[in-house]
Student: 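There's a structure below that I have some questions on.
So you know, we letter chains A, B, ... as the sequences are listed, proteins then strands, and number each from 1. In this text, all values refer to a predicted model and were calculated from it rather than measured experimentally.
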There are 4 protein chains.
Amino acid sequence: MENLAEKKKAILESTLALVKVNGFHGTPMSMVAKKAGVAAGTIYHYFESKDSLIFELYSYLKQQAIQVVRESQKPDATYQERFFALWFAFYTYYTSNPSVLCFFEQFVNSPYAEKAKSIPSELDELLHAFFEEGINSGQLRPVAPQILSMLAHGNAISLAKVYGIGKLNLATADLELVVQILWDGMSQKTSEINS
Amino acid sequence: MENLAEKKKAILESTLALVKVNGFHGTPMSMVAKKAGVAAGTIYHYFESKDSLIFELYSYLKQQAIQVVRESQKPDATYQERFFALWFAFYTYYTSNPSVLCFFEQFVNSPYAEKAKSIPSELDELLHAFFEEGINSGQLRPVAPQILSMLAHGNAISLAKVYGIGKLNLATADLELVVQILWDGMSQKTSEINS
Amino acid sequence: MENLAEKKKAILESTLALVKVNGFHGTPMSMVAKKAGVAAGTIYHYFESKDSLIFELYSYLKQQAIQVVRESQKPDATYQERFFALWFAFYTYYTSNPSVLCFFEQFVNSPYAEKAKSIPSELDELLHAFFEEGINSGQLRPVAPQILSMLAHGNAISLAKVYGIGKLNLATADLELVVQILWDGMSQKTSEINS
Amino acid sequence: MENLAEKKKAILESTLALVKVNGFHGTPMSMVAKKAGVAAGTIYHYFESKDSLIFELYSYLKQQAIQVVRESQKPDATYQERFFALWFAFYTYYTSNPSVLCFFEQFVNSPYAEKAKSIPSELDELLHAFFEEGINSGQLRPVAPQILSMLAHGNAISLAKVYGIGKLNLATADLELVVQILWDGMSQKTSEINS
DNA sequence: AATGAATGAGATTTCATTCAT
DNA sequence: CATGAATGAAATCTCATTCAT
């Protein structure tokens, strides 16, 4: 059970790839089946319904994202370093996996999200804790952690989208500048200087 | 174009409302017809197809958004004041019209967006010009205007979503703090202080 | 609304004919559509689902049966004459419409019947009243009307089935004998003689 | 044939139970397998197909019914006593095994019955012989044995169904009255009295 | 212009059956 | 013998679109 069954994984990955190109309703189960190399009926051994497949894919990807975020955190780094690492973890994850970003954005803005809201999100809790720590240790302005979390995460997503559009070349220097902007804006130090 | 035919407008507004609740693929034309109080066939007098209806709704809403942004700009205000006004115009528009936000987000992350990309976006141009002005006048850091635009707009959207989730009470003070953070981060002044 | 819409009626009649030959699950909607001369989707304008089609067919046929029974009753006939007329009405209806008999028998023994039980049956009430009258007027033995009703109706059905099997030629004389047997068994007179 | 293999029996009994609740087409093989505690594939070691399973179940139950009827017949009893015993054997069998009654009724009214008609029915022959004996010995009216058989059997089934509906309490006295009605109707004696 | 019944292609889902283990 | 994952044909049902009125 450690590794998802080969076929289940193939189905999830196929769905992810196809939803990016065709959207939810442009991706019939038959198409998923074909791309995954299984029979249409096989999908229903692993997932109760199309909705259930979408939900499980969402959970599956969120776990991946959490993993990525966790791995970015070096315990002996400073808080600011960890903030930068967190931001780049998100950014890199989304730019390397544009279909994941696309899927997430479709999902959270769809009626699916409403139904998934009841499930407590491990990722949200993780981010919440991270920003609370920054506030409590006096390194971040005293703003509600949900807001800071949304700002930082939303910011990484915005940049990843700019990258995805492809019109613009984003050099590492550009990115660092943006994160710096974000950090400067959120950090207590800037706040004090300006006041 | 000033006054859309009554029925056409009813169809657009009905679509908007229904897409928020049901998503694109959960909103059949028959449902739109019923909500708009017209026959199914009537929709096809005003729109070529469902896709065309979606596209026109997108244009229609973008015009609204542009209008809102334009009206927020007082010519005799300082650049920073106009920046704040711009941000609040977006924020207020999205929080007052959650279905618009929801529709936009669904749209831009769907395969529709790909097809709409060719159409030059007046809104994007407007924002681009606004941020270019800030850079040229030395009030904003020299970052690509697309990036600044994405950051500011994305930021307003993020906050509007936090508001939409409803778990959090966002006082005007909170919002001003956030825009301040954003401004501090983007403005040349902060940049100089930190260097 | 007096006459069922042409197409609706065609769908009902086609279903009836096909269920006799193929059974419930041997009669796909596509087959009904073909026989009724309509598109598959059209059925769903008139009926919510296949189950709903079956239920409506059941109601429709029960109304027919009630009509037949009602028409058999001449007000100026004696009770015994009316009993005979009732029995022959059922018998004739079922032998002339073997698919109705077949449908009823499949329906009442299927899980559908369970769901239809809540709906009060006009036919049952009519029969109940008829047999109660016979008991109250002293012409029938004092047995629960439901039982008498079931005996008489079940008896007509049994005979109609014998007819349907076709191995046996049932002359009118045979039938009259059987009804006579039934009447003799149920009537108070015989009861008294034997006691 | 005496002891069916454990598993084969489990499959048959599971099918019987499930068909009562779900009907033929509401009972997939997977459900039978689950209830019987075997794998889906295992069923196909014992039965060629689903149809074959249904047919064998029918035969299996008919053998049971014959057994029950046979055991009810005491050689030293009078004909009338044996008639009563026969009727009660059916009635008791069906009321104690409502799923059997339900299965039989579904089966004989389905397209399965058509295919099973070719197989000579031992039960029919047994009943035929019984009623022929009654006629030949002058105790029953001279009606075709098939008719008498259908009447008596149909009558027991009707009563068992009344019992099954459960709205009515059927005391033994009620039942005896009904059989008496039936006997009075069919017996030569009544016939003579009325003539 | 407006209607809404009708269409039929296509989507989701089921399930009898097979076969490698 | 037994398993149960896998199959894929076929069933139910949806819905964008048309067209006679």
Student: Between B:Lys161 and B:Glu105, is the side chain to side chain contact (heavy atoms under 4.5 Å, CB included) condition met? List the steps.
Tutor: CA-CA 11 Å; B:Lys161 282 185 183 174; B:Glu105 290 285 283; 2.6 Å; yes

Student: When you match C:Gly41 and D:Gly41 each to their closest nucleotide on DNA chain E, which lands nearer the 5' end?
Tutor: C:Gly41

Student: Which whole-number value in Å describes the distance from A:Phe47 CZ to E:dT12 P?
Tutor: 15 Å

Student: Nearest whole Å is fine: how far is E:dA11 P from C:Tyr44 OH?
Tutor: 17 Å

Student: Quick one, which residues of residues 48-58 of chain A touch DNA chain E with a heavy atom under 4.0 Å?
Tutor: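 Residues of residues 48-58 of chain A that come under 4.0 Å of DNA chain E are, in numerical order, A:Ser49, A:Lys50.
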
Student: For the CD1 atom of B:Ile43 and the CG atom of B:Leu12, what is their distance to the nearest 0.5 Å?
Tutor: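 Answer rounded to 0.5 Å: 10.0 Å.
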
Student: For A:Lys62 and A:Ser121, which heavy atoms make the closest approach, and how far apart are they?
Tutor: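 It is NZ-OG, 2.9 Å.
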
Student: Please tabulate, for the side chains in residues 25-41 of chain D, all donor-acceptor contacts under 3.5 angstrom to protein atoms that are two or more places apart in sequence or on a different chain.
Tutor:
from: D:Thr27; atom 1: OG1; to: D:Leu18; atom 2: O; distance (Å): 3.4
from: D:Thr27; atom 1: OG1; to: D:Gly23; atom 2: O; distance (Å): 2.6

Student: Nearest whole Å is fine: how far is E:dT3 P from B:His45 NE2?
Tutor: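 Answer to the nearest Å: 8 Å.
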
Student: Among all residues two or more places apart in sequence or in another chain, which pass the side chain to side chain donor-acceptor pair (under 3.5 Å) test with B:Tyr93?
Tutor: B:Gln64

Student: What closest approach, in Å, do D:Val100 and D:Leu61 show between heavy atoms, and which atom pair accounts for it?
Tutor: CG2-CD2, 3.9 Å

Student: Under the rule for salt bridge (Lys or Arg N to Asp or Glu O under 4.0 Å), what residues qualify as partners of D:Glu56, not counting sequence neighbours?
Tutor: D:Lys8

Student: Taking side-chain contact (heavy atoms from CB on, under 4.5 Å) as the definition, give me every residue that meets it alongside B:Ser99, ordered by chain and number, with sequence neighbours left out.
Tutor: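 Partners of B:Ser99 under the side-chain contact (heavy atoms from CB on, under 4.5 Å) test: B:Leu16, B:Lys20.
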
Student: Near DNA chain F, counting only heavy atoms under 4.0 Å, which residues of residues 21-39 of chain A show up?
Tutor: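 Those residues whose heavy atoms fall under 4.0 Å from DNA chain F, taken from residues 21-39 of chain A in numerical order, are A:Val38, A:Ala39.
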
Student: Of all nucleotides in DNA chain F that come within under 4.0 Å of a heavy atom of chain C, which is furthest toward the 5' end and which toward the 3' end?
Tutor: F:dA11 to F:dT14

Student: Using ring pair (Phe, Tyr, Trp, His ring centres under 6.0 Å) as the criterion, list what pairs up with D:Phe24, not counting sequence neighbours.
Tutor: D:Phe103, D:Tyr112

Student: Counting just side-chain N and O atoms, does B:Tyr46 come under 4.0 Å of either OP1 or OP2 of E:dA2?
Tutor: yes

Student: Starting at the 5' end of DNA chain E, what dot-bracket string do you get if Watson-Crick and G-U pairs under 3.5 Å are bracketed, crossing pairs use [ ], other-strand pairs use | and unpaired bases use dots?
Tutor: .||||||||||||||||||||

Student: Name all residues meeting the ring pair (Phe, Tyr, Trp, His ring centres under 6.0 Å) criterion together with B:Tyr58; count only those two or more places apart in sequence or in a different chain, and write none if there are none.
Tutor: B:Phe104, B:Phe107

Student: State, yes or no, whether a side-chain contact exists between C:Glu13 and C:Tyr60 at a heavy-atom distance under 4.5 Å.
Tutor: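 Result yes, sub-4.5 Å side-chain heavy-atom pair found.
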
Student: Could I get the full list of side-chain contact (heavy atoms from CB on, under 4.5 Å) partners for B:Glu48, not counting sequence neighbours?
Tutor: B:Ser52

Student: Applying side-chain contact (heavy atoms from CB on, under 4.5 Å), name anything that partners B:Gln63, two or more places apart in sequence or on another chain.
Tutor: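 B:Gln63 satisfies side-chain contact (heavy atoms from CB on, under 4.5 Å) with B:Ile66, B:Glu122 only.
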
